[in-house]
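The structure appears right after this line, and notes come after that.
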Amino acid sequence: MPLSLYPQKTYSRNYTKIYFSTNIILLIYIGVQAYLKELNEVQREAVENIEGPVLVIAGAGSGKTRVLTFRIAHMLHLGKHPASILALTFTNKAAREMKNRIAKIIGEKAAQYLWMGTFHSIFAKILRFESKAIGYPASFTIYDSQDSKNLIKTIVKEIQLDPNIYKPSDVLSRISYAKNNLVTAKSYANNAQITETDRQSRKPEISRIYQMYENRCKTSGALDFDDILMKTNYLFEKFPEILRKYQDKFKYLLVDEYQDTNFSQYQIIRRLASLHHNVCVVGDDAQSIYSFRGARIENILNFKKDYPENKVFKLEQNYRSTQNIVNAANSVIDKNKNQIKKNVFSEKEVGNKIKIVEAFTDYEEGYLIAGRINEIRFNQQVTYNGFAILYRTNAQSRILEEAMRKKNIPYHIFGGISFYQRKEIKDLLSYFRLVMNPNDDESFKRIVNYPKRGIGDASIDKLSSFAIQNDTSIWQAALMLNESNMGLGAAVQTKILAFIALIQSFNVSAMNLDAYEVARQIAISSGILKELYVDKSPEGVSRHENLQELLNGIKDFTIREKTDDEIVTLNQFVENVALLTNEDKTGEDESERVTLMTIHSAKGLEFKHVFIAGLEEELFPSKFSVTSLSDIEEERRLFYVAITRAEVSLCLSFARTRYRWGTLSDCQPSRFIKDISPDFLEFESQSISGSPFSSFKSETLNINGVQEKIQFNGLEKKKFKSFSKKTETQQVKPLEIINSKFSKIDKIRSTPNSIANNNSLGGIKTGTLVFHERFGNGKVIEIEGEFPETKATIEFEGSGKKQLLLKFAKLTLIS
DNA sequence: TGCGTGCTTCTTTTT
DNA sequence: GAAGCACGCA
């Protein structure tokens, strides 16, 4: 598939038609003028100064996106070629939205030639185009972080290092750190400071792992996330003529969220801009929240030094939030030392004070938020779309979700586990990847025996060690099966060759059919679809549905991308899929619902009513961040980001007890609450009535002969004992709801590990426990006995009975 | 080689 | 609460 980097031909045809037609120009002109009037003076200057380096410091809610989109529209209005503009954003979503907004002003056809996207997607595209120079196939695979970790794990095992010391995530973050700072594997080994750090953390072999990791990626024809940026730098550094080509092409550069660029990204921009200096960066140092990913706040702080002829525009008026919210946010961010001075203000109404809500438990927190949402919605007649619940960690979402469900509040989780990270999706994608790039070892290992083909781990190990010895990919090793003795039995060899033939046949299809047809064929012929179709458990059904959804997505993709003369190939789809996130799925419905998300993913968004949950020490600020000053400042910026999402009301909550990892722990209110000037605060100490969790007690119970102190807070606690094999005591876990007579159970949340692991306990209804999911539907247990100690017998089809002892603490219910 | 079972470990944030 | 892993049995 030829990549049309310079779509001059088609471009000039369309462009002339739509852009140089007098009518259209007039239309654009009027559009521009009307829009200009909507801008304040600073905004307008930021829009109109399109030549030379420009730094736009855009305070929260100051109309940053408006400036960016209109700046681009303005350039087009002045006759700049859309394909000469490169706009880099941090998320695909931001890019898409901006493109849509620009399309509305200047028309779709011209907008489509803009180069607008994330650093990763734009430069992956360029690297594919220039793949020869970097010595990779154009169809290189992009390893996501899971692939990277798997590869590291394999390497660590291979060179017999202690996997407890060389944890894949730790090693990856070191490698990532190096790559983001453009330190290659070779220079890593020679860098005294880095190797010293590794020595001190007792991980001196990281340098070696890095080198092997690189080699292995190379033979697999794979680049990881950081490679995309690093190889781009390599490309621009080693091939001046190629750099020159792109400097000539991209006459105007725009970078959104500049405060979150890392060194590698910074260098790319510097290189591209060094010829014409038309670079406009937009950002807010107060909203720099990605240093853990290598972001350097200095990039924005040093912009003036980097480009001495710069112009700086500060957007300080906040059009989003009430004065109370803006002032509270300012009072927080003022505590940070390291920042560019600015004066963000609002001229909107003063507004309500910020509510601080204290809850006994995380469960109650969810209930209080849910209750308040309904209250505000009822009183102010607003839709659920105006609400967002923000939290520091994804793990918090589950409890909040439960509360939403209980109160019948429609919600959706933004981010979280990506659709594309689901097992079944990754499985099918691995087939696609392998078809496009058979050397992709990670994909090979993933699917060679899925669905089961009788090729076990031992065989794969033999194959892959042969590959390693010969410095080649597993696929190549498999092709050599006939000539080389790898110690594999004849039966297994036949199976492997059959797998190879299967993939090759897919490859043939991929060259002739369109993406959807191939994808469908692969899903069917590989046996994946069938495997899940047969599985009638709710889990299996949902996986099957997900696969269908992916196929539908590919279908949409083929329709969307289709041009007159060429079919849309699977390759085109696969190229980008590693860079997609959950929010990039097509077909998002616009139904009315509350949004739940992490603060990180909330950046750039706004909501009428915002709740920030879990304002507790160790959670927010995270306990991982309280050690150094710079870390705590970043947490504070995160808090600032969260506050400034709110337009009219803001509610902060914290729980006194939080259930985490099977243990209850006491929590302290976050220090950040104290950072807000009390002038803007309003405390709400009492729980709202009707919450089932309004009491708080602690009691010592004799459980299995052991005295245990159990805290409970209107939540029920129970002890499990499994009689099936070995007797064991499980940790106390809360039930959710229990009726006040204690004779019946409404629902059990948690179960002994072996069962809980399968997520099998869906609900208990009036003394009858109904199992579903992996244990099959309709498995019923009768529960005999009374609280607080109850025996339950579970019948499993074909595998006998299992007895559980459930122990419950007393429940105190205020109703 | 496959599968069930129970134990261990893990959690900040994400392109 | 969930994933990964080791172990033991078929």
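The sequence lines fix the lettering, A, B, ..., with proteins before strands; numbering per chain opens at 1.
Distance from the side chain of A:F624 is smallest to B:dT12 among B:dT12, B:dT1, B:dC10. In this structure, the nucleotide among B:dT12, B:dT14, B:dT15 sitting nearest to the side chain of A:F225 is B:dT15. When distances run from any side-chain atom of A:S145 to the nucleotides B:dT15, B:dT1, B:dG2, the shortest one goes to B:dT15. If you check C:dG4, B:dT12, B:dT15 against the side chain of A:H120, the one that comes closest is B:dT15. When each of B:dT14, C:dC5, B:dT11 is scored by its nearest atom to the side-chain atoms of A:K153, the top-ranked nucleotide is C:dC5. With distances taken from any side-chain atom of A:H600 to the nucleotides B:dT12, B:dC10, B:dT14, the minimum falls on B:dT14. The A:T598 side chain lies nearest to B:dT13 when the options are B:dT1, B:dT13, B:dT15. Listed nucleotides B:dT15, B:dG2, B:dT11 differ in distance to A:A395; the shortest reach to its side chain belongs to B:dT11. If you check B:dT1, B:dT13, B:dT15 against the side chain of A:F292, the one that comes closest is B:dT13. Out of B:dC3, B:dT11, C:dG4, the shortest distance to the side chain of A:K452 is found at B:dC3.
No contact: A:E634 has no heavy atom under 4.0 Å from any strand. Contact annotation for A:S121: no contact, since no heavy-atom pair falls under 4.0 Å across all strands. Within the 4.0 angstrom heavy-atom criterion, no nucleotide atom of any strand lies near A:F620. Looking at heavy-atom distances under 4.0 Å, A:K423 makes no contact with the nucleic acid at all.
Per the geometry, CD belonging to A:Q396 stands 16 Å off P belonging to B:dT11, to the nearest Å. The separation between A:F90 atom CZ and B:dT14 atom P is 14 Å, rounded to whole Å. We find that CD of A:Q421 is positioned 10 Å from P of B:dT15, with the value rounded to whole Å. For the pair A:E616 CD and B:dT12 P, the computed distance is 16 Å after rounding to whole Å. Rounded to a whole Å, the CZ atom of A:F639 is 17 Å from the C1' atom of B:dT12. Put simply, CG on A:L619 is 19 Å from P on B:dC10, counting in whole angstrom units. Atom CE of A:M116 and atom P of B:dT15 are 19 Å apart (whole Å). Atom-to-atom, NZ of A:K157 to P of C:dG4 comes out at 13 Å; the value is rounded to the nearest Å.
Taking 4.0 Å as the cut-off between side-chain N and carboxylate O, A:K179 and A:D224 count as a salt-bridged pair.
Proximity of A:K167 to the phosphate of B:dT9: no side-chain N or O atom is located under 4.0 Å from OP1 or OP2. Contact between the side-chain N/O atoms of A:N92 and the OP1/OP2 oxygens of B:dT15 is not found at any separation under 4.0 Å. Contact check, A:N449 against B:dT1: no side-chain N or O comes under 4.0 Å of OP1 or OP2.
Two residues are said to be in side-chain contact when any heavy atoms from C-beta on lie closer than 4.5 Å; A:F607 and A:T595 meet this criterion.
In this model, no donor atom of one side chain and acceptor atom of the other lie less than 3.5 Å apart for A:S173 and A:S176.
Ring pair A:F620/A:F672 is perpendicular by interplanar angle, where above 60° counts as perpendicular and below 30° as parallel.
The nearest heavy atom of DNA chain B to A:S459 and to A:L229 marks one nucleotide each, and the one closer to the 5' end goes with A:S459. Mapping A:N164 and A:R392 onto DNA chain B by nearest heavy atom places A:N164 closer to the 5' end of the strand.
Distance check: A:Q287 CD to A:E634 CD gives 12.5 Å after rounding to the nearest 0.5 Å.
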### Message
Using the rule given for side chain to side chain contact (heavy atoms under 4.5 Å, CB included), can you reason through A:E365 versus A:R658, listing the C-alpha separation, both sets of side-chain angles and the distance that settles it, and then say yes or no?
### Response
CA-CA 10 Å; A:E365 182 183 41; A:R658 187 167 289 275; 3.1 Å; yes
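Stacking of A:R637 on the aromatic ring of A:Y640 is not recorded, the 6.0 Å distance cut-off and the 45° axial limit not both being met.
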